[in-house]
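Before any comments, here is the structure.
In this text the structure is predicted, and so the values were computed from the model without any measurement.
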Amino acid sequence: MTSTISEVTGGLADRYRVHRELGQGGMATVYLADDLATGAPVAIKVLHPNLTGDPVSMARLQREADLGRQLAHPNLCHILAFGRAAGGFDYIVMPFLDGELLCDRVGRGGPLPLDDAVPVVCDVAAGLHVAHDLEIVHRDLKPENIMLVRNENGSERAVVIDFGLATGRQPGMQRLTKTGMVVGTPDFMSPEQIRGKSLDRRSDIYSLAFITYEMLTGELPFLGESMRDLAIARLKGELIPLRIRRPDLHFPESVDKVIAKALAVELSARYATAPEFATALLSAARTDTGPGRRLLRWMGR
């Protein structure tokens, strides 16, 4: 059950001019609107009416708002406002990102060339590093949560969205998830996430490496006939090298080594930070892309 556009328009009429629906998921519907105070285009995420009052859904929306307010960075989706409309529905407001989801880009055009994939990884890593420095772990990083946005100068940047399952350092934030509970999208979970263990920034780095592998090959890095088989292969570290998975794409051995390190079963064997992983991939790919240079400058190198 979703709110009608007339209900949303009426409930937000004092501050926003709602134009149309952008899309919807199991928890909320997103609308394109203009902020009447600034004239800026915004995206308004409205919780489905049947979930109003549901403690889990409400906590997730509140968490996304609380964490998103802190994430003012070009590669992160910043939350502008959170509230309850006159019509009784709950919503969050964020800048409108005019672009394409990474999953749609790969689904439409197939695997990305290495030189196109590396800038995406660098951008995501730069955004994640800001979140991680705030002790925020995304926990649900996947191609559906990465938006490829066109900049005014015609270049493109990747933006991490949807921190609804993230965990942070605010009081009570950790208590939103019970010990042993598995949270996130199974396809991109780290081994420790599958086991329901506590997570840190290296779990997001694992998910980013998993996304990178799929972005480059169009395939998953592990084999299995079922989700259970795939989870077991991940827990055992039975990674299929890029060069074996897609020999036709001629990946350098150095890139395989970087991916393998980031997808290590043990946390201690992975890269310690997202920029460390991105920089290693950039070096292994022997590319000097603009976004890669921006990452290195941002790191002070």
Closest non-hydrogen atom pair, [X] against [Y]:
X	Y	answer
I5	E21	CD1-N, 4.2 Å
G224	D229	CA-CB, 3.6 Å
V258	A284	CG2-CB, 3.8 Å
G218	P111	N-CG, 3.7 Å
T217	L249	CA-CD1, 4.5 Å

message = Quick test of your reading of the model: are E192 and R202 salt-bridged, counting only N-O distances below 4.0 Å?
response =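 No salt bridge links E192 with R202.
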Distance in Å, R201 CZ paired with T273 OG1, rounded so as to fall on 0.5 Å steps =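 Going from CZ on R201 over to OG1 on T273, the span is 7.0 Å.
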Do [X] and [Y] touch side chain to side chain, with heavy atoms closer than 4.5 Å?
X	Y	answer
F277	V121	yes
F251	I259	no
L47	M58	yes
Y206	Q193	no

inquiry  = Please list all pairs meeting ring-ring contact (aromatic ring centres under 6.0 Å, His included) that have one or both residues in residues 80-118, counting only residues at least two apart or in different chains.
reply    =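 For residues 80-118, and leaving out neighbouring residues, there are no ring-ring contact (aromatic ring centres under 6.0 Å, His included) pairs at all.
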query = Name the one of R139, R69, K45 that satisfies salt bridge (Lys or Arg N to Asp or Glu O under 4.0 Å) with E64?
reply =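 Single pass found, and it is K45.
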Among [options], which residue satisfies the side chain to side chain contact (heavy atoms under 4.5 Å, CB included) criterion with [X]?
X	options	result
L12	V93, I44, L36	I44
I146	I211, I161, N75	I211
R157	V120, L148, N151	N151

query = Is a side-chain donor or acceptor of H132 paired with a backbone partner of D200 at a separation under 3.5 angstrom?
reply =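 The answer is no, because no donor-acceptor pair under 3.5 Å joins these two groups.
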ask   = Taking the side chain from T212 and the backbone from L208, do they hold a donor-acceptor pair closer than 3.5 Å?
value =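 Yes, the answer is positive, given that a donor and an acceptor are paired below the 3.5 Å cut-off.
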key: Centroid separation H138 to F163 less than 6.0 Å   =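 Ring centres of F163 and H138 closer than 6.0 Å.
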key: CA sep, side-chain torsions, deciding dist, call: D204, R270, salt bridge (Lys or Arg N to Asp or Glu O under 4.0 Å)   = CA-CA 11 Å; D204 280 347; R270 296 178 206 155; over 6 Å; no
